[in-house]
**Q** 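Quick one: this structure, given as structure tokens, is what I'll be asking you about.
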Amino acid sequence: MLHSAILHAPDAGGGDGRMHLPGDPPSLAALQELDAQYTIDTYARHPLDAVRGEGVRLWDAAGEEYLDLLAGISVSNVGHCHPHVVGALTGQAQWLLHASNLVHTAPALQLAERLATHSLGEGSKVFLCNSGAEAVEGALKLARRAKSAGDFVVVRDGFHGRTYGALSATPQEAKQAPFAPLVPGFIVAEPTIEGITSAVTERTAAVLLEPIRGESGVWPVPDEVLIAAREACDRVGAALIFDEIQTGLGRAGTFWRFEATPVVPDVMTSAKALGGGLPIGAIIAGPKYADVLQRGDHGSTFAGSPIIAAAALATLDVLEDEALLSHVRRVGERFREAIATLPRVTEVRGHGLMIGFDIDGGGAPALVERALLEQRMLINATGPQTIRLLPPLIIQDSEIDEAVTRLGDLLR
Ligand SMILES: *Cc1c(COP(=O)(O)O)cnc(C)c1O
């Protein structure tokens, strides 16, 4: 039903292909001034003032068009301003924005049903929240509620978010060190069979990992390591938690990444693309863990608000489409094959449209800046030699050809 709308977003802007803003938007320089003076300086922002998005394109206030190969860090999987999501959002906005979890609201409860019935099997249940880090926090609480005072095993170079529990699960020196002491009880394992097997003990409450480590440069965890983690958790009665915040919702070519592996986790976290561009997260507990958290154990004021849940339901309408998922697998493979032929590229990794590639000689962050200024293209560097691409899943073959040409020009 939605398929043609998904794969053929309408053209943007006026007839000249440029975007025309009403009134007089502030200049980029004025925004940079506000940023310097009034925001706590935690971000190195690109010199781009984004005012409009549609499909795989963004426009700045001057009407310049950009090819977005990052999708707001794997948030806009359905493309910017997908008409079905915008329609659901504006429709719900006429009725009710927020009512709290002290009452029943249809969008949140229908969203819980959709996620529970399309994830970890019969008997799964969902806790909605507002972001990825919050989903991780809740999943950690859930695992410790199931195994009192237990330890958490996490893997080297994993990323799970910036709040204290999620940060404690993110063993990266630069991110953790300034904020010590962290939450106790986290054990760091190498992402190998031996590493995980030896880290898991009778005291382990959970093993938490990303099936493809995203922030550290798109490193798929091999199937045999996932199997070892599953077996280790079963041996000691610990929960296997997959952080699918980045890998899920079609990004890696299946609806959840675990579906392409031989392993089913006990608990999953989701966020990023779930709201079609709006903030939301979810803990999905499989049948064994669905009834661990009790009334009063956890909560969140905004979680599952009607407006966000309505957008998430519309987002799932688009993403739960086998035709779209097979499109992601096909164009993702094409994209990776084309990138592998470009100059300076030494390795290409990933699944579906979660793509990382290494470049000879380093300088990836400078390349990202040049991509923006010279090629009008948003890409991302996860380190000095690694570029990461997370384009909207609706990206077309012609847009991939365009991206490959621009990447080639950049690398030559
Ligand atoms: C982005 C991300 C998070 C954190 O999500 P936020 O919404 O930024 O808190 C956690 N885990 C993974 C794997 C992520 O990619």
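One-based numbering, in listed order, for ligands and for the atoms of each.
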**Q** Any protein heavy atom under 4.0 Å from atom 11 (N) of ligand 1?
**A**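 Yes.
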
**Q** Ligand 1 and Ala133, any nitrogen or oxygen pair closer than 3.5 angstrom?
**A**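 It does: an N or O of Ala133 is found under 3.5 Å from an N or O of ligand 1.
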
**Q** Could you tell me the separation between the CD atom of Glu320 and the OG1 atom of Thr315, rounded to the nearest 0.5 Å?
**A**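 Reported to 0.5 Å precision, the distance equals 10.5 Å.
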
**Q** With no hydrogens and no angle check, just 3.5 Å: does a side-chain donor-acceptor pair link Gln246 and Glu215?
**A**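 There is such a pair (donor and acceptor under 3.5 Å, judged by atom type) between the side chains of Gln246 and Glu215.
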
**Q** For the residue pair Phe255 and His118, does the interplanar ring angle fall in the parallel (under 30°), tilted (30 to 60°) or perpendicular (over 60°) class?
**A**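 Aromatic pair Phe255/His118 classed parallel.
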
**Q** Enumerate the atoms of ligand 1 whose separation from the nearest heavy atom of Glu210 is less than 4.0 angstrom.
**A**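 Those qualifying, in numeric order: 13 (C).
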
**Q** Within the structure, does Gly132 bring an N/O atom to less than 3.5 angstrom of an N/O atom in ligand 1?
**A**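 Such a contact does occur with ligand 1.
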
**Q** For Asp358 and Thr386, which I'm curious about, is there any donor-acceptor pair between the side chains at under 3.5 Å?
**A**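 Note: Asp358 and Thr386 side chains meet the donor-acceptor criterion.
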
**Q** Looking at Glu210, Glu244, His351, which one forms a side-chain hydrogen bond (donor to acceptor under 3.5 Å, both in side chains) with Arg257?
**A**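 Of the listed options, the one satisfying the test is His351.
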
**Q** For Gln246, counting its heavy atoms only, list the atoms of ligand 1 lying under 4.0 Å from any of them.
**A**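 That gives atoms 15 (O) of ligand 1.
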
**Q** Quick check on Glu347: does its CD atom have over 12 non-hydrogen neighbours (other residues, nucleotides or ligands) under 6.0 Å away?
**A**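 Counting other residues, nucleotides and ligands, CD of Glu347 exceeds 12 neighbours.
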
**Q** Please identify which atoms of ligand 1 are closer than 4.0 Å to at least one heavy atom of Asp243.
**A**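 That gives atoms 10 (C), 11 (N), 12 (C), 13 (C) of ligand 1.
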
**Q** Would you mind listing which atoms of ligand 1 come within a distance below 4.0 Å of any non-hydrogen atom of Lys272?
**A**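 The atoms of ligand 1 under 4.0 Å from a heavy atom of Lys272 are 1 (C), 2 (C), 3 (C), 14 (C), 15 (O).
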
